[in-house]
Each structure stands twice: as C-alpha cells, then as structure tokens.
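What follows is a short report on a single structure.
Proteins come first, then strands; the chains are lettered A, B, ... in the order of their sequence lines, and each starts at number 1. Here the structure is a predicted model, which is why all the values come from computation and not from measurement.
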Amino acid sequence: MSIFALIDCNNFYASCERVFQPKLNKKPLIVLSNNDGCVIARSQEAKKLGISMGVPVFKIKNIIQKHSINTFSSNYALYGDMSSRVMSILAEKCPDIEIYSIDECFLDLESITNDPVKWCKKIRQTIFKWVGIPVSIGIGPTKTLAKVANKIAKSDITTKGVFSLHNTNDVEIDMVLQNIHIEDVWGIGRQWSKMLHINKIFNALELKKSSEIWIRKKMGITGLRTLKEIKGIPCHRLELEPIQSKSVRCSRTFGKAVGEKEKVFDAIRLFVQIAASKIRKKKLACRAIQVFVSTDRFNKNIEQYSNSAVSTLITPTSDSIVLVLEARRIFNRLWKDRYLYRKGGVLLLDLFPKQTIIPGFFPDTKKENYQLMQAIDKINEKFGRNCLELGIKSKKSEWKMKQHNVSSKFTTRWKDIIKVSAN
DNA sequence: TCTGGGGTCCTAGGACCC
DNA sequence: TCTGGGGTCCTAGGACCC
C-alpha cells in the first residue's frame, strides 16, 4: 500500500517574488499572466482582499490602487529555477517522486518512514530554510485524498502545514469530506460541479455516497476513478518516469488586434521556432503540425473568426526551416482578410524520440539544417531566447506582449544576482 | 483600453476494411 | 425489395489539470 504525500508550494509565484524581496513579506502581492492580463498568483494578503484567481487586471484596478498591491509580470525563469531547487531537495530525501507541476509533487512515503507526519514536518522546515518557499503537505491512501488533506493543511493554521488522512478511520475521513466542496475535489471542474449540484451533490462526502453506476454514466471512467479514490481505492499510481510529452504548444494573445496577414505570420513564424527549439531540447521530433488563429472572443463588437488546421509530415522533424514552411502552407489556408486577429498559435503533435526515427525514402531534414539548428539553439541559449530568428526580424511587432513589471532573474542570470555587502 | 498559456485523457461518430 | 456483424483507426470536441 502506498502512502501518498502531496507537497504543494504555497502561492508559489508570489512566494518566489518574495524570497528575493523580503520587504514584501506580509504585503499584498499579485503576479500577472502574459500581457499583464489576468491575475495568476496571489499572496495570502491579496487573497484576503478578495482578489480571485484569473480575474482580469482591469477589473481590480481600484483595489490595486487603494491597497497599493505589489504587481508583478510573470518571470518564468525565476519560478522554474526555484521549482527545481525545491524538487531536488525532495528527490534526494525520497526517490519515489512524481513532479506533477511547477509547484507540486507527489511522493510515496511507504518505504521511507513509519511516521509520515513527522517526516513531512521536517522536510517542510528544510525546504523553507534552504529555499525560502513555504509548502503545505497532505498525506493520504490515494492521490485524491492526499489532495483533500493538502487542502486542509493549507486552510487550517492549526495543522502547521501538514495534514494526514493516512491510517484514519472512516468516521473521521467522512467528517473531513463533509467540509470539502464538490468543486474543490481534484478532477471535478466547473461543468461537473454544475451537474452534481443539480443532482444535490454538494460536498465530497455526498459524492462518496453516490452510486458508482450513476457516476460512470454521467462522468465516464474519469469520474468513476475520482469516486473510487475518494473511497480510498487507488486508481492513480505514482508516475516515476517523467511522462514523454505528446505535444508541444506555443501560443500567445497579441498585445493588440492585428489585421495584416504578414504581421500575423511574423508571430506564427516565431511560435514555430520556439516550439521547435523546445522539442529539439527534449530530443524529440514531430510528425504533425497544427496552426491556429482567432479573433478577440471577448470583443462582442467585431465579427468573430477562428480556425485551425493540421498537416502531417512525411518524415518526422524538429527542423525549424521545414516546420516554418509547413506552417506557412497551413496559414495560407486558414487566413481570411477583413478580420482582426487577437491570438495565434502552433502545436507540434505526435512527438517521439528522435533516435527511433527511420529516415524516409525522401528525407526532408538535411544534415546542414540539423547543424544550423544546433548553432541557433546554442546562440539563443547564450544570448537570450529569439535573439536569432528565421526571416526578417521586425523591430517592433504589434503583436508583442505587454510586460510592465518583471522582476530580475535573481537565480539564473549573473548580473541579476543579489550582492550582499559586509556592513 | 485592458480577459494567459500549456498540457492530458476520454468519447462518440465517421470512414474504412473484411 | 432486401440493407450484417465485427473490427480498427482517426478526429473533433469536451472535460479536466496546473
């Protein structure tokens, strides 16, 4: 029997910003999405002010001003690096680890300790001391129950950040489940919550007591698994091997709407290159590429259009030149004049490891291109992403993102490293 | 004026085959 | 007039996650 522990960094992006600017402790702080559009992370103080997750910034302008909330554009170089620091501490202490997202991982403590709560309290202190990031830990017999426990660990300060449902009797578990709203259960999103509410299921205990056949019918195999996990029957195991990605996407909302074909393709061309360099880094190749464009779905005053198309490649590739040419063909098919485009993107699909590729009769990746890609990747890695691009680099692209307040790359760029003086 | 980005899995239905 | 049964593969859309 596994003992699942879910380690979750508290308000992760907000906490990362704070590590290097301790003057922000106890102050409300928010981190924004690309384009500085939505709120994607909030410190505890900001949550208390009623700022909800995902809210568009323009709707809370007043609150931001009134409480002088510290506002940051997202800084993924910093968050990614802080994440790997936290994860490496955990991986060293517990080899059975599944990194689930940038700020979360599951552990199996079964072979590590007889006292999971004690072990978790200690690791929590270690992480805070060594990296400066506060974490919460939930423990349970299934991943879903560990998630539930984590929720308690976060919201109930008397738990001091660790809460366990492992070796807990049914009566106690049910008392906990009764206080978990159905929409807070892992695997139950907006649509299913709505459906369950209509059917008078409002909390996790009511879900636990509902009929398996009915849930299977209404929510498919996925829903049934969630129900079983709530009952304490594991349906999701720990994924020890990092899962091979099956697709890679690069898409952006443009800083403003764009109507000219070549300007939109400037963006698409760059997205292809970003996505291609991502798969090259993972030593993968793709067998298909998808391109999509769309107008501003929030603007009710303009005519809407969105479309996407996929193209399959004869020989799998990670060559930016080949992929840009293919994207161009797809793009020409999709493009319609007279619309104002607000978003575009590229997906590289059907990925698999490069070594396993059998060259086709007409190979479409030239050796010279391969070397060129390697050179481009090296230069971009050294001098900053997209410093070298295919095509003509426009000086000022209309579609570029807005980012007004990005913090420094404290941990990944030499000139941003904080200096400590002796006095 | 201003509404993110990147993933996965499941299912139903159509095309096609024998 | 009659209109099978069983299988695979692919795709689009819908749900979820962070």
Side-chain angles (χ1 to χ4, degrees), chain A residues 6-9 11-13 30-41 52-62 64 71-76 79-80 83 98-106 143-144 147 150 182-196 215-226 229 235-236 239 242-257 271 274-275 278-279 282 287-288 290 292 294-302 306-312 342-351 401-404:
Chain A
L6 174 67
I7 289 86
D8 190 322
C9 301
N11 317 321
F12 183 55
Y13 297 169
I30 54 177
V31 179
L32 309 182
S33 63
N34 284 339
N35 276 323
D36 291 346
C38 300
V39 175
I40 54 167
S52 49
M53 184 69 175
V55 68
V57 176
F58 71 89
K59 285 190 181 168
I60 53 163
K61 271 263 141 69
N62 292 339
I64 292 176
T71 306
F72 289 90
S73 304
S74 28
N75 180 350
Y76 289 102
Y79 312 148
S83 170
E98 172 191 340
I99 295 171
Y100 180 68
S101 74
I102 194 164
D103 70 334
E104 273 178 64
C105 69
F106 287 102
K143 282 181 164 181
T144 307
K147 276 267 187 187
N150 188 281
I182 195 72
E183 59 269 26
D184 292 336
V185 173
W186 189 46
I188 312 277
R190 281 243 294 280
Q191 300 306 313
W192 286 351
S193 292
K194 218 193 299 175
M195 185 277 293
L196 291 168
I215 291 290
R216 173 72 178 85
K217 207 170 78 194
K218 287 286 204 183
M219 295 160 65
I221 193 75
T222 322
L224 182 59
R225 283 190 193 129
T226 298
E229 286 241 323
C235 295
H236 302 292
E239 303 287 348
I243 298 164
Q244 186 73 257
S245 21
K246 291 168 181 149
S247 67
V248 157
R249 167 199 295 247
C250 179
S251 70
R252 298 281 184 280
T253 302
F254 306 149
K256 65 177 193 177
F271 301 161
I274 293 172
K278 274 191 204 169
I279 69 168
K282 298 177 180 201
R287 203 163 10 194
Q290 179 176 6
F292 68 89
S294 75
T295 50
D296 186 350
R297 67 197 162 103
F298 295 105
N299 189 345
K300 299 283 178 262
N301 301 322
I302 59 164
S306 76
N307 204 353
S308 75
V310 184
S311 164
T312 310
R342 192 66 206 292
K343 189 173 178 152
V346 169
L347 284 94
L348 302 183
L349 307 161
D350 213 352
L351 301 175
M401 298 189 299
K402 283 177 264 178
Q403 284 206 312
H404 289 307

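- Residue A:R287 has no polar side-chain atom (N or O) positioned under 4.0 Å from OP1 or OP2 of C:dC10.
- Contact between A:K343 and A:R252 at its shortest, heavy atoms only, is CG-O, 3.3 Å.
- Regarding contacts with the backbone of B:dG5, a side-chain N or O of A:T253 is found under 4.0 angstrom from either OP1 or OP2.
- Here the P atom of nucleotide B:dT8 and the NE2 atom of A:H236 are 16 Å apart, to the nearest Å.
- Take the nearest nucleotide of DNA chain B for A:D296 and for A:K278: the residue whose nucleotide is more 5' is A:D296.
- Spacing between atom NZ of A:K143 and atom C1' of B:dT8 amounts to 13 Å, rounded to whole angstrom units.
- Among the atoms of the strands shown, none is found under 4.0 Å from any heavy atom of A:K194.
- Closest contact between the side chain of A:I221 and the listed nucleotides C:dC18, B:dC10, B:dT8 involves B:dC10.
- The distance between atom CG of A:L196 and atom P of C:dA15, rounded to the nearest whole Å, is 13 Å.
- Which of B:dG4, C:dC18, C:dA15 sits closest to the side chain of A:I40 comes down to B:dG4.
- Spacing between B:dC16 and C:dG4 at atom C1', rounded to whole Å, works out to 16 Å.
- Applying the 4.0 Å criterion to OP1 and OP2 of B:dC9, one finds that A:K246 has a side-chain N or O inside that range.
- Separating the OG1 atom in A:T295 from the CG atom in A:N307 is a distance of 11.0 Å, to the nearest 0.5 Å.
- DNA chain C is contacted by no residue of residues 53-61 of chain A, taking any non-hydrogen atom closer than 4.0 Å.
- The distance from atom CD of A:E183 to atom C1' of C:dC17 is 16 Å, rounded to the nearest whole Å.
- The phosphate of B:dC10 (OP1 or OP2) has a side-chain N or O of A:R225 nearer than 4.0 angstrom.
- Nearest heavy-atom pair, A:R249 versus A:K278, reported as atom, atom and distance to 0.1 Å: O-NZ, 3.3 Å.
- Residue A:S247 is in sugar-phosphate contact alone, with no base atom involved, counting any heavy-atom pair closer than 4.0 Å across all strands shown.
- Atom NZ in A:K147 sits roughly 9 Å away from atom P in C:dC17 (whole-Å rounding).
- Panel note: side chain A:R342, backbone A:S294; no donor-acceptor pair is recorded below 3.5 Å.
- With salt bridges taken as basic N to acidic carboxylate O contacts below 4.0 Å, one links A:E104 and A:K147.
- Pairing each heavy atom of A:A288 with each of A:V310, the nearest pair is CB-CG1, 4.1 Å.
- One finds no side-chain N or O of A:K218 lying less than 4.0 angstrom from the OP1 or OP2 phosphate oxygen of C:dA15.
- OP1 or OP2 of B:dG5 sits under 4.0 Å from a side-chain N or O of A:K343.
- Residue A:S251 has no polar side-chain atom (N or O) positioned under 4.0 Å from OP1 or OP2 of B:dG4.
- The CD1 atom of A:I102 sits 9.0 Å away from atom OH of A:Y79, with the distance rounded to the nearest 0.5 Å.
- In this structure, A:R249 and A:C38 both approach DNA chain B, and ranking their closest nucleotides by distance from the 5' end singles out A:C38.
- Among the protein residues, A:V185 comes within range of the sugar-phosphate backbone only, with heavy atoms under 4.0 Å from sugar or phosphate atoms but none that close to a base.
- As rounded to whole Å, 15 Å separates atom C1' of B:dG7 from atom CG of A:D103.
- In this structure, A:D184 places its CG atom 14 Å from P of C:dC16, rounding to the nearest Å.
- For A:E98 and C:dC18, the CD to C1' distance is 13 Å, given to the nearest whole Å.
- Of the candidates A:V31, A:N34, A:D36, A:L32, A:D36 is the only one forming a side chain to side chain contact (heavy atoms under 4.5 Å, CB included) with A:S73.
- Here the CG atom belonging to A:L347 is positioned 6.0 Å from the OG atom belonging to A:S247, to the nearest 0.5 angstrom.
- Atom CG of A:D8 sits about 9.0 Å away from atom SG of A:C105, to the nearest 0.5 Å.
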Watson-Crick and G-U pairing of DNA chain B, under 3.5 Å, as dot-bracket with | and [ ]: ....||||||||||||||
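- Within the 4.0 angstrom heavy-atom criterion, no nucleotide atom of any strand lies near A:I243.
- With hydrogens and angles ignored, the 3.5 Å screen pairs a side-chain donor or acceptor of A:E229 with a backbone N or O of A:C235.
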